[in-house]
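What follows is a single structure, written as structure tokens, with notes after it.
Lettering follows sequence order; numbering is per chain, from 1. Note that the structure is predicted; figures quoted are calculated from it, not measured. These numbers come from the heavy atoms of this one structure, side chains and all, not from hydrogens, waters or symmetry mates.
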Amino acid sequence: MNITLPDKSVRELPEGSTGYDLARDIGPGLAKSAVAVIVDGEKKDLCDVLPENSEVSIITIDSDDGLEIMRHTLTAQVLAKALKNLYPDSHLAIGPTIDDGFYYDVETKKSISVDDLSDIEKEMQNIIKSKSSITKKLFSKKDALKVFKNLKEPYKESIISESDQKEDFQLYYQDNDNFVDLCRGPHLPSLSFIGSFKLTKISGAYWKGDSKNKMLTRIYGTAWNTEKELNSYLTAIDEAEKRDHRKLGKEMDLFHFQEEAPGMVFWHPYGWTIYRQLQNYVRERLEENDYLEINTPQVVDRKLWEASGHWDKYRENMFITEIDEEHANDKRVNALKPMNCPCHVQIYNQGIKSYRDLPLRYAEFGSCHRYEPSGTMHGLMRVRGFTQDDGHIFCTENQIESETEKFIELLSRVYRDLGFESFEIKLSTRPEVRVGSDEVWDKAESALESAIKNLGHPYEIVEGDGAFYGPKLDFVLTDAIGREWQCGTFQADFNLPERLDAEFIGEDGKKHHPVMIHRAVLGSFERFIGILIENYSGKLPLWLAPQQVVVASIVSDANEYVNEIVSKLKEEGIRCESDLRNEKISYKVREHSLKKVPIIFAIGKKEVAENTVSVRKIGNKDSVIKPLSEAIKEISKENSI
RNA sequence: GCUCAUAUAGCUCAGCGGUAGAGCACUUGCUUGGUAAGUAAGAGGUCACCGGUUCAAGUCCGGUUAUGAGCUCCA
């Protein structure tokens with residue numbers, strides 16, 4: 001039979017040849033490192049018989065596909081077997097690969113904890129030492145079910161019985177052993193290909209990801225071809241932990257949380273300075289873009305939430321308050337606003353609006369509260385009390401496109417200024433359940449899409465992921481270590497203006513409902529500041545840094561000059577402090593460097609005599625001596641963006 | 001909300017049945033030192049909260065709250 005290789009060359013092999021035979025035919029080196037094959041685009045085991053006239057490429061252990069297969073074999077054949085050896089009464093569920101590693105879900109009688117991981121690792125090493133080869137057999141549905149019924153593996157049974165497949169269930173075996181795993185494969189031909197690995201964490205996970213189902217134990221691990229790669233991965237994880245905003249927030253004295261107000265931020269002076277800088281910056285951009293800043297109540301009667309539909313659909317996420325009878329004659333039920341939109345419509349609804357008033361852009365730094373489930377909170381990233389850089393644009397259908405363009409331009413400017421050079425756009429289109437006619441949806445979706453196209457920005461369409469009230473754009477930025485954060489959003493809404501009776505008088509003299517666009521660039525100040533801290537590892541750009549300059553004396557004779565410098569810097573609007581403590585300069589430098597102060601002035605006898613400053617910038621080991629006036633000029637320049 | 005873990009001095013952590021410990025930070029003394037930790041002394045804790053076991057509980061057990069890692073959720 002003839003097999004076509006990736007370079008289009010054709011090889012002739014005897015009937016019934018396998019991927020391994022092909023590899024051996026090409027060369028002994030390849031045969032040694034081959035772990036699987038891709039047959040007509042599908043990954044197959046090396047032991048599978050190749051079909052006539054197929055296109056085949058060989059996966060070697062050192063390729064990305066090879067690594068993934070190794071991780072897969074490690075979890076399904078080694079971790080699973082180790083678990084069965086150590087906990088014979090456990091039931092195996094599934095064991096897929098993920099980025100950088102793998103996990104296995106298992107149900108155990110006795111709960112497994114992190115302390116058990118090293119024992120499990122040891123058992124895995126024992127299994128790997130056997131260097132067993134892995135073989136597979138094909139079973140019919142009926143026979144496969146029988147096998148797993150005998151093995152008392154209900155999850156495997158359920159996978160098989162729910163499959164549409166009738167024949168060819170693949171069961172994998174190791175030498176001289178009764179361990180069996182059901183798997184779509186492919187697997188390594190032998191355990192000798194397993195590289196370096198480490199079990200990393202343990203947690204619960206619902207069977208099939210459904211919170212109604214039983215919770216299983218999930219064991220996570222990471223695996224690499226070499227010890228070196230494993231170590232550099234583990235180091236990278238440590239580095240990421242070092243920039244955790246919760247840790248840096250404590251070290252830099254930015255904010256804290258406490259038990260009495262879970263999920264609500266206590267902003268310290270330095271943290272609040274960052275917040276204010278960011279807010280001032282956004283406010284300037286909003287003013288440039290013809291937004292009108294407003295402010296609306298935080299505690300609002302349930303009647304409004306009933307009218308907006310939130311009471312029905314969102315109540316379990318709302319903080320509800322009751323006013324006690326001592327304080328009010330009739331008992332009222334209020335809710336802390338989880339969103340600003342209904343309140344913005346109330347402002348829109350004051351007075352009659354004409355088509356000439358549109359588009360009307362309201363913006364609010366809206367303080368919102370949402371009762372997030374307890375397990376979902378995470379530092380500044382997911383909180384219960386937060387402030388959105390929220391805005392609502394009331395416009396006609398015809399104005400959606402130009403408003404979209406204007407918004408994307410605003411957002412790109414903001415992200416660029418904040419240090420995020422690129423972002424992705426996701427366009428979510430109509431879901432199954434929705435309000436509004438198809439005609440309106442057609443119009444809105446194409447308005448959003450052509451706005452992005454006009455600006456030449458790449459985008460991705462997510463079919464059916466729009467809200468029930470309209471299509472939306474999501475903006476995802478990438479941080480310094482490659483993580484993605486969905487921050488900006490732009491959502492057309494055909495529902496709320498109608499529900500809350502927002503109207504305008506059109507050119508035809510008749511009343512119409514405007515389209516309402518919900519939009520945010522940062523999303524929430526709290527979360528965005530968390531992202532900024534992590535992106536910069538706490539070393540914020542000068543204009544955002546809470547303390548911009550610390551002026552530290554080297555000898556106490558310089559104290560007077562230090563105070564003079566501080567007041568001059570303050571006159572220039574530079575945030576600075578003096579450090580006159582009775583400590584050595586290296587001690588002061590170390591301390592302020594750890595607090596990520598961007599600029600340290602060290603002032604000794606020489607500087608006093610020459611009216612200069614010794615400037616040390618964060619990240620630099622060297623300092624530069626320059627005249628005070630020059631130093632101030634440079635900092636002021638860098639400070640204005 | 002679910003699973004597992006954690007909660008001891010301002011911070012980072014040790015102690016794991018016999019009436020609290022380290023390093024750093026803090027205060028004071030000495031030191032005036034040139035770019036990432038000068039030195040000595042001192043002060044600082046209802047061991048998250050509530051209950052139980054025990055002659056005796058940070059220490060063992062149960063509950064509550066918060067936090068962490070995941071899962072689920074984020075109209």
Side-chain angles (χ1 to χ4, degrees), chain A residues 98 103 105 107-108 111-117 200-220 241 244 246-247 250-251 253 256-263 308-318 338-339 341 370-379 381-384 431 433-435 466-469 472 486 489 491 493 495-496 523-524 527 550 552-559 580-595 597 600-607 614-625:
Chain A
I98 48 175
Y103 65 77
D105 284 352
E107 185 189 342
T108 52
S111 69
I112 301 177
S113 79
V114 273
D115 301 330
D116 301 316
L117 290 182
T200 49
K201 56 195 170 193
I202 203 159
S203 80
Y206 299 108
W207 168 235
K208 288 187 186 161
D210 187 334
S211 59
K212 288 190 211 80
N213 287 341
K214 192 159 193 161
M215 184 155 281
L216 310 172
T217 304
R218 176 170 296 178
I219 297 167
Y220 286 89
E241 269 168 28
D244 188 312
R246 294 166 299 185
K247 185 171 141 65
K250 209 175 269 172
E251 286 169 7
D253 194 15
H256 84 271
F257 290 92
Q258 66 184 50
E259 226 175 296
E260 289 81 356
S308 70
H310 288 88
W311 195 259
D312 264 358
K313 291 216 171 71
Y314 204 72
R315 181 155 36 139
E316 62 181 33
N317 283 298
M318 288 161 71
M339 296 172 199
C341 28
R370 294 182 188 171
Y371 189 83
E372 300 287 355
S374 57
T376 60
M377 273 148 2
H378 181 90
M381 301 301 191
R382 184 118 173 224
V383 286
R384 285 183 175 160
V433 184
R434 57 180 184 266
V435 299
F468 74 90
Y469 50 71
K472 65 168 179 177
Q486 201 268 110
T489 185
Q491 311 187 3
D493 187 344
N495 175 249
L496 202 60
S524 113
R527 179 163 174 271
V550 167
S553 59
I554 297 171
V555 290
S556 51
D557 287 347
N559 288 0
L580 305 176
R581 290 175 304 169
N582 177 16
E583 297 292 350
K584 290 203 164 168
I585 190 63
S586 50
Y587 179 93
K588 295 184 186 182
V589 166
R590 174 184 151 82
E591 192 161 282
H592 298 118
S593 298
L594 287 173
K595 296 232 160 157
V597 176
I600 299 168
F601 285 181
I603 309 299
K605 285 183 182 133
K606 204 159 73 180
E607 287 75 13
S614 165
V615 183
R616 181 186 167 121
K617 292 198 176 183
I618 192 154
N620 285 2
K621 277 222 159 76
D622 305 321
S623 54
V624 183
I625 296 185

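Annotation: B/C16 and B/A75 have their P atoms spaced 49 Å apart (nearest Å). Of the C1' atoms belonging to B/A40 and B/G58, the separation is 32 Å, rounded to the nearest Å. Taking atom C1' in both B/U19 and B/A57, one finds a spacing of 11 Å when rounded to whole Å. The C1' atoms of B/A25 and B/A9 are separated by 11 Å, rounded to the nearest whole Å. Separation of the C1' atoms belonging to B/A22 and B/G62 is 33 Å when rounded to the nearest angstrom. B/G34 and B/G21 have their P atoms separated by 39 Å, given to the nearest Å. The same atom, P, is picked in B/C4 and in B/G10; the two are 32 Å apart, to the nearest Å. When the C1' atom is used for both B/C50 and B/G42, the distance is 36 Å, rounded to whole Å.
As judged by a 4.0 angstrom heavy-atom cut-off over every strand, A/Lys250 is placed among residues touching the sugar-phosphate backbone only. Contact annotation for A/Glu607: base contact, defined as any heavy-atom pair under 4.0 Å involving a base atom. A/Gly209 comes within contact range of the sugar-phosphate backbone alone, with a heavy-atom separation under 4.0 Å but no base atom that close. Contacts of A/Tyr206 with the nucleic acid, taken as non-hydrogen atoms under 4.0 Å apart, include base atoms. Within 4.0 Å of A/Arg616, counting heavy atoms only, lies at least one base atom of the nucleic acid. Counting non-hydrogen atoms under 4.0 angstrom, A/Ser586 reaches the backbone sugars and phosphates but no base. Here A/Ala467 lies out of heavy-atom contact (under 4.0 Å) with every strand. A/Leu594 comes within 4.0 angstrom of a base, heavy atoms only. If you check every strand for non-hydrogen atoms under 4.0 Å, A/Lys606 touches a base. When heavy atoms are screened at a 4.0 angstrom cut-off, A/Arg434 is found touching no nucleic acid atom at all. The residue A/Met318 sits apart from the nucleic acid: no heavy atom pair falls under 4.0 Å.
Pairing for B/A36 is absent, with no Watson-Crick or G-U wobble pair whose two atom distances lie under 3.5 Å. Across all strands shown, B/G68 forms a Watson-Crick or G-U wobble pair with B/C4, both key distances being under 3.5 Å. Across every strand in view, B/A41 sits in a pair with B/U27 that passes the Watson-Crick or G-U test at under 3.5 angstrom. Under the Watson-Crick or G-U wobble criterion, with both distances below 3.5 Å, B/U54 has no partner in any strand shown. Here B/U46 sits opposite no nucleotide as a Watson-Crick or G-U wobble pair (both hydrogen-bonding atom distances under 3.5 Å).
The phosphate of B/U39 has neither OP1 nor OP2 within less than 4.0 Å of any side-chain N or O from A/Tyr587. A sub-4.0 Å separation between OP1 or OP2 of B/U3 and a side-chain N or O of A/Lys214 is absent.
Not a single donor-acceptor contact under 3.5 angstrom links the side-chain atoms of A/Arg370 to the base of B/C73. Scanning atom types as modelled, no donor and acceptor separated by under 3.5 angstrom connect the side chain of A/Thr217 and the base of B/U3. Side-chain to base pairing of A/His310 with B/A75: one donor and one acceptor N or O lie within less than 3.5 Å of each other.
In this structure, the CD atom of A/Glu591 is 14 Å from the P atom of B/A36, given to the nearest Å. We find that OH of A/Tyr103 is positioned 11 Å from C1' of B/G70, with the value rounded to whole Å. The CE-P distance, from A/Met381 to B/G70, rounds to 13 Å in whole Å. One atom, CG of A/Asp105, and another, P of B/G70, lie 15 Å apart when rounded to the nearest Å. To the nearest angstrom, P of B/U28 lies 12 Å from CD of A/Glu583. Taking atom CD1 of residue A/Ile585 and atom P of nucleotide B/A36, one finds them 9 Å apart after rounding to whole Å. Following rounding to the nearest Å, A/Asp622 (CG) and B/G34 (P) show an atom-to-atom distance of 18 Å. A/Lys595 places its NZ atom 17 Å from the P atom of B/C24, with the value rounded to the nearest Å.
Of all nucleotides listed (B/A75, B/C71, B/A36), B/A36 comes nearest to the side chain of A/Ser593. Taking only side-chain atoms of A/Val555, from C-beta outward, the nucleotide of B/U72, B/G33, B/A36 with the closest atom is B/G33. Of the candidate nucleotides B/G1, B/A75, B/G34, B/A75 has the atom lying nearest to any side-chain atom of A/Met339.
Looking at which nucleotide of RNA chain B each of A/Asp557 and A/Ile618 is closest to, the 5′-most match is held by A/Asp557. Place A/Tyr314 and A/Leu216 on RNA chain B by their nearest nucleotides, and A/Leu216 ends up nearer the 5' end.
Between A/Ile554 atom CD1 and A/Ser586 atom OG the span is 10.0 Å, to the nearest 0.5 Å.
In this structure, B/G68 shows a glycosidic angle more than 90 degrees from zero, which is the anti conformation.
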Scan nucleotides 63-69 of chain B against the protein and return all N/O pairs shorter than 3.5 Å with their distances rounded to 0.1 Å.
from: B/U65; atom 1: O2'; to: A/Glu259; atom 2: OE2; distance (Å): 2.8
from: B/G68; atom 1: OP1; to: A/Arg246; atom 2: NH1; distance (Å): 3.1
from: B/G68; atom 1: O3'; to: A/Arg246; atom 2: NH1; distance (Å): 3.3
from: B/A69; atom 1: OP1; to: A/Arg246; atom 2: NH1; distance (Å): 3.3
from: B/A69; atom 1: OP1; to: A/Arg246; atom 2: NH2; distance (Å): 2.9
from: B/A69; atom 1: OP2; to: A/His378; atom 2: ND1; distance (Å): 3.3

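Here the closest heavy-atom approach between residue A/Ile600 and residue A/His592 is recorded as CD1-CB, 3.8 Å.
Residues A/Asp244 and A/Arg246 are paired through a salt bridge, judged by an N-O separation under 4.0 Å between the basic side chain and the carboxylate.
Looking at heavy atoms from C-beta onward, A/Tyr587 lies in side-chain contact with A/Arg581 at the 4.5 angstrom threshold.
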